[in-house]
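Below is one structure, written out as structure tokens; the observations come after it.
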Amino acid sequence: MAEAKTPARGAESAQRGSPPGDALAKRLARLGLAGRCDLVLHLPLRYEDETRVTPVAEARAGEPVLVEVEVVESSVQFRPRRQLVVKARDATGLVVMRFLNFYPSQQKALAAGARVRAFGEVKPGFFGGEMVHPRVRVLRGREPLATALTPVYPTTAGLPQWELRKLVDAALASCPLTETLPDEIRAGLGLPGFAESVLALHRPAAGADLAAYASRTHPAWRRVKFDELLGQQLSMRAHYRARRAQRAPALAGEARLTRALRARLPFRLTAAQERAWREIERDLASPHPMNRLLQGDVGSGKTVVAALAALRAVESGHQAAVMAPTEILAEQHFRKLSEWLAPLGVRVVWVAGGQKRHERRAALAAIAAGETQVAVGTHALFQEGVAFASLALAIVDEQHRFGVHQRLALREKGSGVAGAGAIPHQLMMSATPIPRTLSMSYYADLDVSVIDALPPGRTPVVTKLVSESRRDEVIRRIREACRAGRQAYWVCPLVEESEALDLQTAIDTHARLAGELADLRVGLVHGRLAPAEKAQVMAAFKAGDIDLLVATTVIEVGVDVPNASLMVIEHAERFGLAQLHQLRGRVGRGAADSACILLYRNPLSEAARARLKIVFENTDGFVVAREDLMLRGPGEFLGVRQSGVPLLRFADLERDADLVEAARAAAERMLTEFPQAAARHVERWAAGRADLLKA
């Protein structure tokens, strides 16, 4: 059966054979396919049913069908544009096929009298049913129908579906589809075999349950998704085990300093903080490097747990470093740690890019000489010229904002501490709660501690959705709050004007609010201010010398001003869920009733409406995070971490939560009982990507 193909660039050379190897390899590389056998796991997006012929009269509008017809008329028309119009019929009715791009050879093949099979959507037209650019095959005698559904693959420019199908068929015929899952594990989970599954996905039989294929609930899809999750788990757990085999200084001091800090604190640790500290304390006492993620909602009290960890390093005769992604957050940590640790005789030093040269030189000299026990700063901590005398603990806040190499660089500052080959312990913190399924998959190489309760006395924040048309009411609310002795934030998404987004800017908003609220002290802080200016403004706000602070998202994390009880987020529809929740966490840190006003502009998109509804209805960060995962996928939580982690192609962390748990359990068992099968599985699923996170 000859096929009259719609012409594409390179179609003529493709008919003489596949494109040159290098050209084809480049096209496949754009699809993430490095080797021939990668095509086995290049699975269809959907399927087309060419296993049965539908009479023209029974074709439903908008539904792809295969019709078998005889051409009765073929002509080139020029209105409204040049096109080939082919009228054809079967015993039940007439169908019109239109080709907007065509070759003379195609026009000749579709002359009157030709018998053809055409696949495409039938839509209502002037002369009856119409098919625009159907896929057409000219029949030469009696030819059998397809026995399997036709797969439609993700593709790229220059690689037509028919050629991709040929490549996949060749890969299925020549690549080993060997089983990598031990029989006892596979049987226990009720999963079909690997070869059976991939063949069923590439070549579904006629009459297959298309709904199960489309929803990816078919047993073959379940097997492939499990294998993908298992490959990820095996890779990351193998790296976890390799790290646990390395050496680190065992930090098991007399607890003199940690006891002293706890005695001086004006509050008691919550049960959740105590649990997290016990987990961290146990890891620090081990001669193997801790690699733990401490996560908790905004205001849950992660910093004091980090302070206890830093003291454990100090009382063991070593140093600790605390790194944060912004100078505002780093300086907040510096002030808090100095307040807590300095009275205990612990010297805390500040390192940042915006320091004066002589201050920086003095700080680096103190770190190198061991005169400073705790260093706090931004990425400046891991830059060249920074040398630690004995770094035993690296604490990284908002870790998802740092890349793999940045975290590695800080840890390498302590290489060789307490003996050749030893490396520091690492504690990472995140105020963006990570959903459980995400923690079990993308963070499978880490130990995770969760602070899942807020300290007593934290005031619940009331969230309000307010249209921009009621802006004057919001202004009055701010004036009343500030006159009552409280302080407020007004957050804007941009610093400079953007015509494309038509958003208010922080600079313009500050000028406008300073005029409208002339009786209040209105300050401004944004990321483009010099570090010294930012520090000065934030210090004034904390001291109560500024009533209303206009800011960009530089205040998203780390800012702690208990007297601030009102926040306005302008153009809230432009922010992500995690950002909105983080910003909301800047208020409600004192005893006063607090509110967060989400000021939005109509009309709202469906996505923006969904985000605002979630924040309005939920104050629990873990619930917000789970909804965010469902809306936007894992990228929001991984940040630059995903540079080292292959994102999932087939599995969905929420819909396939049961498979995530099963894959985690199976990975541990395979690494212990079936290491060769585990290696083969990783080779299939993570070849070229198995060298995941090292930090």
cation_pi(R223, F226) dist<6.0 Å, angle<=45: no

Mark yes or no for whether [X], through its side chain, and [Y], through its backbone, hold a donor-acceptor pair below 3.5 Å.
X    : Y    : value
K225 : R216 : yes
H571 : R601 : no
T51  : A146 : no
D38  : G35  : yes
T92  : V56  : yes
E179 : L181 : yes
D652 : E654 : yes
D90  : P55  : no

Between the side chains of [X] and [Y], does any donor sit under 3.5 Å from an acceptor?
X    : Y    : value
T156 : R27  : no
R680 : T178 : no
R584 : H581 : yes

With a 4.5 Å heavy-atom cut-off, do [X] and [Y] have their side chains touching?
X    : Y    : value
Q83  : V85  : yes
L167 : L159 : yes
N101 : H133 : yes
D227 : F650 : no
L94  : V72  : yes
M670 : P675 : no
L100 : R82  : no
Q107 : V86  : no

Other residues, nucleotides and ligands only: do more than 12 of their heavy atoms fall within 6.0 Å of CZ on R655? no

Can you give me the closest heavy-atom contact between [X] and [Y], atom names plus distance?
X    : Y    : value
R684 : P176 : NH2-O, 3.6 Å
Q295 : V448 : NE2-CG1, 3.5 Å
F575 : R611 : O-NE, 3.0 Å
V122 : A59  : CG2-CB, 3.9 Å
F102 : F99  : CD2-O, 3.4 Å
L599 : S467 : CD1-O, 3.7 Å

Could you give the distance from [atom1] ([X]) to [atom2] ([Y]), rounded to the nearest 0.5 Å?
X    : Y    : atom1 : atom2 : result
R36  : S174 : CZ    : OG    : 3.5 Å
S75  : L110 : OG    : CG    : 12.0 Å
Y600 : N602 : OH    : CG    : 5.0 Å
W685 : L234 : CH2   : CG    : 12.0 Å
H42  : L33  : NE2   : CG    : 5.5 Å
T155 : L45  : OG1   : CG    : 9.5 Å

Pair [X] + [Y], salt bridge at N-O below 4.0 Å:
X    : Y    : result
E228 : R222 : no
E668 : R664 : no
D22  : K26  : no
R46  : E48  : yes

Show the numbers, then the answer: is there a side chain to side chain contact (heavy atoms under 4.5 Å, CB included) between L66 and D49? CA-CA 7 Å; L66 179 69; D49 190 355; over 6 Å; no

V67 and M131: CA distance, side-chain angles, deciding distance, side chain to side chain contact (heavy atoms under 4.5 Å, CB included) verdict: CA-CA 10 Å; V67 297; M131 303 175 86; 4.1 Å; yes

Quick one: which residue pairs count as a side-chain hydrogen bond (donor to acceptor under 3.5 Å, both in side chains) with a foot in residues 182-193, not counting sequence neighbours?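 Residue pairs with at least one partner in residues 182-193: E184-R669.
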
Any pair counted as salt bridge (Lys or Arg N to Asp or Glu O under 4.0 Å), so long as it reaches residues 54-70, sequence neighbours left out: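 Sorted pair list: E68-R115, E68-R117.
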
Output, in order, the C-alpha distance, side-chain angles, deciding distance and verdict of side chain to side chain contact (heavy atoms under 4.5 Å, CB included) for V69 and R89. CA-CA 5 Å; V69 291; R89 67 167 54 252; 5.7 Å; no

With side chain to side chain contact (heavy atoms under 4.5 Å, CB included) as the criterion, how do V136 and M97 come out once you've worked through the C-alpha distance, each side chain's angles and the decisive distance to 0.1 Å? CA-CA 10 Å; V136 176; M97 296 178 282; 4.2 Å; yes

Is there a salt bridge (charged side-chain N to carboxylate O under 4.0 Å, His left out) between R98 and E130 once you walk through the steps? CA-CA 7 Å; R98 296 183 183 274; E130 285 194 358; 3.0 Å; yes

Per the ring-ring contact (aromatic ring centres under 6.0 Å, His included) rule, what does the pair list look like for residues 55-86, sequence neighbours excluded? none

Counterpart residues, ring-ring contact (aromatic ring centres under 6.0 Å, His included), relative to F119 (two or more places apart):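 Per chain and number, F119 pairs via ring-ring contact (aromatic ring centres under 6.0 Å, His included) with no residue.
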
Could you check E683, Q676, H681 and say which one makes a side-chain contact (heavy atoms from CB on, under 4.5 Å) with T180? H681

E50: salt bridge (charged side-chain N to carboxylate O under 4.0 Å, His left out) partners, not counting sequence neighbours: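 With sequence neighbours excluded, E50 shows a salt bridge (charged side-chain N to carboxylate O under 4.0 Å, His left out) to R135, given in chain and number order.
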
Pairs of donor and acceptor atoms involving the side chains of residues 189-209, under 3.5 Å and at least two apart or interchain, shall be tabulated with distances.
residue, atom, partner, partner atom, Å
S197, OG, G193, O, 2.7
H202, ND1, Y153, OH, 2.8
H202, NE2, V40, O, 2.8
R203, NH2, D169, OD1, 3.4
D209, OD1, A211, N, 3.2
D209, OD1, A212, N, 3.3

